[in-house]
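Have a look at the structure below, then the notes.
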Amino acid sequence: MEYQAGSYEVAVIGAGHAGIEAALAAARLGARTILFTLSLDAIANMPCNPSIGGTAKGCLVREIDALGGEMGKAADATFLQSRMLNRGKGPAVHSLRVQSDRRAYHAYMKQVLEKQEGLTLKQAEVAAIGAGNGRVCSVTTALGACYQVETVIICSGTYLNGRIFVGEYSENSGPDGLHPCNTLSDSLRAHGIPLRRFKTGTPARLSRRSIDFSALEEQPGDEEIVPFSFMTEGPLENKVLCHIGYTNEATHAVIRENLHRSPLYGGKIEGIGPRYCPSIEDKVVRFSDKPRHQFFVEPMGMDTEEMYLQGMSSSLPEEVQIALYRTCRGLEHVEIMRNAYAIEYDCIDPLSLLPTLEFIGLGGLYGAGQFNGTSGYEEAAAQGLLAGVNAARSVQGKPPVILERAGSYIGTLIDDLVTKGCNEPYRMMTSRSEYRLLLRQDNADIRLTPLGREIGLVDDRRYHAFQEKKRLRDEELKRIGRRVLPPSEALNALLVSRGTAPVSTGTPFTALLRRPQLGYRELAALDPEAPALPAAVEEQVEIEVKYEGYIRKQLAQVEQMRRLESHPLSEQTDYRSIPGLRLEAAEKLMRIRPLSLGQASRISGVSPADISVLIIYLEAERQKRERMKELPVRQKPEERGYQDDTNR
């Protein structure tokens, strides 16, 4: 029996990383919001590695933070070890990564949700979504509670019709043995939303006391820790060491001998897995020439003895897992506390979505996270934030927010999903952006905090801090643009020690800073006029000067792209009727319904020739509209001097 349980403007299904950001964003923008979770104890769960960030992913977290999201602050408050990846490369690929305390992260996020004004937190399984007149109107739980809603955001993660596999064994389950969401898939299909199966793998958790750490390589954190959140203050410190180990030929032999027992190779798993995060058995098969593979032993938290075995996900039987781990140096006597497993789950083709993350053809329904075909906590949180913003703005009658790919990795992520789709779990990488020198993690606040302020997610304190940082950066760039450093013994000693030529005359500060051997901080130390600046400001000043030419070239590319983006396409256009447009292109355009020529140009199967046809079509339509404006308006009879017969 159903009963009426209340009404809300925004309903969010799932309290993982996507659902958290979606619910917080909607509630903070003033929408009456309810967040459903299968278990209050699984809020912000990290069923895979308890870490935040990584290559490109760290930039997503910085962007979430710059827009007013929560993930960066939570990561700073609960990390165990912090490292900046790719320091030996250029700033475009620098990426922050932290190992988090799993339970502390959960507790932090749960409390933030509980204290958020305008947000109701409810433990319940949503079994059905109601709709009428082409829009969602309700959600109903498995216990029969019906809530009237205006918008719904699905953030189901890997719980939607989830099924786990360990060797020959399988069962319906969510991650970590939690209850799956079993009935919502049928409701979605009833609304005409096609679903597909993806899969992912989770490594084992090992007992700390059974590991010989002396046989593993130590991996310490950074001495100078950079926070994720632009608002984090105070000294931060690492609390733990991580370790690195390697497989060997004996490990690979155990895997090869038991491949027939792997559900992945035995045909039991139908879902498509992530290419960039393969299982250990997949690595051994695909990279058979490699004598060893790296793995990482990382702590799960300060109050647990569980250690996470990154790089060794598997769905092999339990006894095979034990055997292959024990062939590795340092793991000879290892004890498994939680077995590795693979999990299959339902998700959608993101080509069903608009760039707002709203479904095409069913108003008020949004998707975010792994439900949209992505992998990773950071990708999920980024989508959740935008879906929450747009759901709230929809009920408030405000225009949606669409992030352009030239302005953020979040924009790149969403544009890739809704324009190109994905045939496997999508993972963000720096190579996915053609503008990655502009989309650095250090300048995420410069790029996005003004937008966050405009949306309403950035408060006064954060915005004033941002303005002060930007002022310091701009003033220092102007100062060093005029500053000339005179030759001196100290300056030339520095230049010679860095392997670059000494100077005999006054040299512009910026000319010296452009030398690859020199950094801003060491030059500023020799400049008596240099102000004391925060490290984040020093970093931005140095990057802006060193890469000025490359940045200028990318900005020119952005302007070219924006010219295409400035040509809107109507959602009502019948592309099949446009002469000269290839059939494949017309079919893709009819399905995806791009909002601009720029988006159309990025659709797989739409060629430059097709774009030329569209440009000609748009120009013809424009000229037709202009001619219509010039035609005389047909007058009514009375306006031409005639009157009704009764008045003659």
Side-chain angles (χ1 to χ4, degrees), residues 49 51-63 72 75-76 79-99 216-228 236-238 240-246 276-277 287 290 292-298 310-311 376 378 409 412 427-444 494-501 510 512-525 533-551 553-554:
N49 198 346
S51 67
I52 298 293
T55 302
K57 294 168 177 281
C59 198
L60 285 175
V61 180
R62 277 290 185 90
E63 292 181 351
D76 288 344
F79 81 93
L80 300 174
Q81 187 195 78
S82 176
R83 295 174 59 241
M84 186 69 75
L85 307 183
N86 303 322
R87 280 193 183 274
K89 301 178 182 178
V93 295
H94 289 177
S95 294
L96 187 60
R97 179 192 184 273
V98 300
Q99 190 70 18
L216 302 175
E217 297 177 11
E218 289 188 353
Q219 188 181 45
D222 291 341
E223 292 184 10
E224 185 176 344
I225 297 175
V226 177
F228 265 122
L236 301 174
E237 61 180 30
N238 295 302
V240 299
L241 279 174
C242 295
H243 292 80
I244 301 173
Y246 300 90
Y276 302 103
C277 190
F287 309 106
K290 292 190 176 295
R292 66 178 190 174
H293 294 283
Q294 193 177 56
F295 61 82
F296 302 84
V297 180
E298 300 171 322
Q310 183 191 347
E378 303 81 6
Y409 272 103
T412 303
R427 177 180 180 177
M428 177 50 68
M429 297 176 288
T430 54
S431 60
R432 294 196 186 273
S433 173
E434 57 271 51
Y435 311 113
R436 54 186 174 271
L437 187 54
L438 301 179
L439 308 184
R440 308 182 310 274
Q441 64 172 16
D442 66 273
N443 69 356
L494 171 65
L495 298 178
V496 171
S497 70
R498 293 290 186 270
T500 184
T510 52
L512 291 169
L513 185 52
R514 287 191 183 98
R515 296 189 184 188
Q517 302 92 339
L518 301 175
Y520 170 85
R521 185 173 295 181
E522 52 201 6
L523 287 174
L533 296 174
V537 175
E538 292 180 347
E539 179 185 26
Q540 282 202 349
V541 168
E542 179 171 329
I543 292 171
E544 290 290 332
V545 172
K546 281 186 177 295
Y547 296 91
E548 180 184 7
Y550 298 103
I551 291 172
K553 287 180 181 179
Q554 288 214 333

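Because only heavy atoms are used, hydrogens play no part in the values below, and waters and symmetry mates are left out as well, while side chains stay in.
- Considering only heavy atoms from C-beta on, Ile225 comes within 4.5 Å of Asn238 through its side chain.
- Here the closest non-hydrogen pair linking Phe228 and Ala75 is CD1-CB, 3.7 Å.
- What you find for Arg87 and Glu224 is that their closest heavy atoms are NH2-O, 4.1 Å.
- Glu378 contributes a side-chain N or O that, together with a main-chain N or O of Gly53, makes up a donor-acceptor pair within less than 3.5 Å.
- The nearest pair of heavy atoms linking Gln554 to Glu434 is NE2-O, 3.4 Å.
- The side chain to side chain donor-acceptor pair (under 3.5 Å) search around Arg498 returns Glu522, not counting sequence neighbours.
- Side chains of Val61 and Leu96 form no contact here, defined as non-hydrogen atoms less than 4.5 Å apart.
- The two residues Thr430 and Arg436 make their nearest non-hydrogen contact at O-CD, 3.3 Å.
- Here Arg521 contributes atom CZ and Leu533 contributes atom CG; the two are 10.0 Å apart, rounded to the nearest 0.5 Å.
- Residues Ser51 and Val98 form no side-chain contact, since every pair of their non-hydrogen atoms from C-beta on lies 4.5 Å or further apart.
- The closest side-chain heavy-atom distance from Cys242 to Val297 is not below 4.5 Å.
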- Task: Apply the test side chain to side chain contact (heavy atoms under 4.5 Å, CB included) to residues His293 and Phe295: give CA-CA distance (whole Å), side-chain angles for both, the deciding distance (0.1 Å), then the verdict.
- Result: CA-CA 7 Å; His293 294 283; Phe295 61 82; over 6 Å; no
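- Judged purely by atom type and a 3.5 angstrom limit, His94 uses its side chain to pair as donor or acceptor with the backbone of Lys89.
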- Task: Any chance you could lay out the side chain to side chain contact (heavy atoms under 4.5 Å, CB included) test for Leu241 and Gln219, step after step, and finish with the verdict?
- Result: CA-CA 6 Å; Leu241 279 174; Gln219 188 181 45; over 6 Å; no
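- A side-chain donor-acceptor contact under 3.5 Å links Ser95 to the backbone of Ala56.
- Between the side chain of Glu63 and the main chain of Tyr409, a donor-acceptor pair closer than 3.5 Å is present.
- Taking 4.5 Å as the limit, every side-chain heavy atom of Arg83 sits out of range of all side-chain heavy atoms of Gln99.
- Using modelled atom types and a 3.5 Å distance limit, the side chains of Asn49 and Gln310 yield a donor-acceptor pair.
- Asp222 contributes a side-chain N or O that, together with a main-chain N or O of Met84, makes up a donor-acceptor pair within less than 3.5 Å.
- Remark: the Glu539 side chain and the Tyr520 side chain contain no N/O donor-acceptor pair separated by less than 3.5 Å.
- Taking CD of Glu538 as the start and CG of Leu523 as the end, the distance is 11.0 Å to the nearest 0.5 Å.
- Partners of Asp442 by side chain to side chain donor-acceptor pair (under 3.5 Å), not counting sequence neighbours, listed by chain and number: Arg440.
- The existence of a salt bridge linking Arg97 and Glu298 is confirmed by a sub-4.0 Å separation between a basic side-chain nitrogen and an acidic carboxylate oxygen.
- A side-chain donor-acceptor contact under 3.5 Å links Asn443 to the backbone of Leu438.
- Side chains of Thr55 and Met429 form no contact here, defined as non-hydrogen atoms less than 4.5 Å apart.
- For Lys57 (side chain) and Ile52 (main-chain N/O), no donor-acceptor pair under 3.5 Å exists by modelled atom type.
- Interatomic distance, CG of Leu216 versus CZ of Phe296, reported as 11.5 Å (0.5 Å rounding).
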- Task: Assess whether side chain to side chain contact (heavy atoms under 4.5 Å, CB included) is satisfied between Thr412 and Tyr435, documenting all intermediate values.
- Result: CA-CA 10 Å; Thr412 303; Tyr435 311 113; 5.9 Å; no
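- With no hydrogens or angles considered, a side-chain donor-acceptor pair links Thr500 and Arg515 at under 3.5 Å.
- With rounding to the nearest 0.5 Å, the separation of CD in Glu544 from CD in Glu548 is 8.5 Å.
- Residues Leu518 and Leu495 come closest through the heavy atom pair CD1-CD2, 3.4 Å.
- No side-chain donor-acceptor contact under 3.5 Å links Gln441 to the backbone of Pro91.
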